[in-house]
Amino acid sequence: MALFVVLLGPPGAGKGTQAKLLAQSFDLPHVSSGDLFRDHLKRETRLGLLAKDYMDRGGLVPDNVTVDMVIDRLSQPVCQKGAILDGFPRTLSQALALDEAMEERGEQVDLAPLIQVSDDEVVKRLTARRSCRSCGAVYHLLFNPPRVEGVCDVCGGPLYQRDDDNPETVRNRLYTYYKETSPLIGYYCAKGVLREVDGERSIDDIQVDLHAVIEAL
Ligand code: AMP
């Protein structure tokens with residue numbers, strides 16, 4: 001049976017980190033809309049250039065292009081057994097489009113864990129975040145620094161600060177989260193698939209909780 005998990009939580013909650021670990025453990029693809037946009041941007045595609053404006057301001061890329069991009073990824077054979085979704089859906093209309101596309105294939109969102117983190121913690125985490133340009137590994141300058149400054153432990157690639165991790169854009173991203181994305185909490189709660197997880201603990205502890213909620217399915 002396929003397993004589709006939608007990770008919810010504010011920017012900086014650790015959705016990407018946790019999604020990568022879950023994807024490894026459950027042998028499922030990690031589908032991150034942010035990573036898909038960053039990949040388009042790197043390749044300078046039309047979609048990438050369109051997304052850049054919204055991303056730089058901390059706003060959302062319009063629903064129609066976002067939905068097409070993610071649904072296209074989910075319909076590839078690699079997602080037949082399921083997927084760990086990170087950063088999508090981010091609006092009610094995206095959630096409805098996702099449900100519709102999945103229903104057509106006889107699938108559904110099985111679980112929507114919500115990783116809870118306070119606003120202060122979000123700002124602290126994101127402004128000190130560094131990402132690897134080559135493999136996407138994520139570091140925190142204080143809590144999870146790389147062994148060599150500016151160099152990825154995993155692949156030796158160069159580390160950089162995402163353009164949208166500066167304090168002003170982080171505040172906009174939080175505002176966007178409350179306005180556009182937080183209604184999804186009620187949406188998935190009503191469907192009986194929401195599970196709350198305390199995100200202000202170690203990466204390992206949060207992963208253990210996520211495993212527990214998935215295994216309890
Ligand atoms: P993330 O890596 O998930 O923090 O996403 C980075 C940026 O990409 C967001 O701040 C948005 O501008 C854009 N983005 C990612 N996912 C979505 C989505 N589902 N809907 C609209 N915009 C998105």
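Whatever order the structure lists them in is the order used to number ligands and atoms, beginning at 1. As a basis for the values below, the full set of heavy atoms in this structure was taken, side chains included, without hydrogen atoms, waters or symmetry mates.
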Side chains of Asp119 and Tyr178 only: does a donor on one sit below 3.5 Å from an acceptor on the other? yes

Between ligand 1 and Gly59, can you find any atom pair, the residue atom being a heavy atom, that is separated by under 4.0 Å? yes

Among protein heavy atoms, which lies nearest atom 22 (N) of ligand 1, and at what distance? Val61 N, 3.1 Å

Using a 3.5 Å cut-off on N or O atoms only, is Leu60 in polar contact with ligand 1? no

Any salt bridge between Lys15 and Asp86, counting N to O under 4.0 Å? no

Ligand 1 to Gln94, heavy atom cutoff 4.0 Å, flagged ligand atoms 18 (C), 19 (N), 20 (N), 21 (C)

For the residue pair Arg57 and Tyr54, would you count it as a cation-pi contact if the rule is NZ or CZ under 6.0 angstrom from the ring centre and within 45 degrees of the ring axis? yes

Less than 3.5 Å apart, any donor N or O on the side chain of Asp63 or Gln94 sitting next to an acceptor on the other? yes

Asp35, portion touching ligand 1 at heavy-atom distance under 4.0 Å: neither

Using heavy-atom distances only, which candidate in Arg90, Arg38, Lys15 approaches atom 9 (C) of ligand 1 most closely? Arg90

Would you indicate whether the side-chain heavy atoms of Ser25 and Gln207 approach each other to under 4.5 Å? yes

Closest to atom 6 (C) of ligand 1 among Met69, Arg173, Arg162 (heavy-atom distance): Arg162

Using distance alone, decide if ligand 1 has a nitrogen or oxygen within less than 3.5 Å of any nitrogen or oxygen in Asp86. no

Numbered in order shown, the ligand 1 atoms found under 4.0 Å of a heavy atom of Thr66 are 18 (C), 19 (N), 20 (N), 21 (C)

Testing the 3.5 Å rule here: is there a donor-acceptor pair between the side chains of Glu103 and Gln108? no

Identify, by atom number and element, the atoms of ligand 1 in contact range of Asp164, meaning under 4.0 Å from any of its heavy atoms. 6 (C)

To check your reading of the model: name the closest protein heavy atom to atom 23 (C) of ligand 1, its residue, and the distance in Å. Phe37 CE1, 3.7 Å

Please determine if Phe88 has a nitrogen or oxygen closer than 3.5 Å to a nitrogen or oxygen of ligand 1. no

Do Asp35 and Arg38 sit within salt-bridge range, that is, some charged N less than 4.0 Å from a carboxylate O? yes

Is there a nitrogen or oxygen of Pro89 sitting under 3.5 Å from a nitrogen or oxygen of ligand 1? no

Within the 4.0 Å heavy-atom shell around Ser33, which atoms of ligand 1 are there? 15 (C), 16 (N), 17 (C), 19 (N)

Any salt bridge between Asp120 and Lys124, counting N to O under 4.0 Å? no

Taking NZ, NE, NH1 and NH2 as the nitrogens, is one of them in Lys81 or Asp27 under 4.0 Å from a carboxylate oxygen of the other? yes

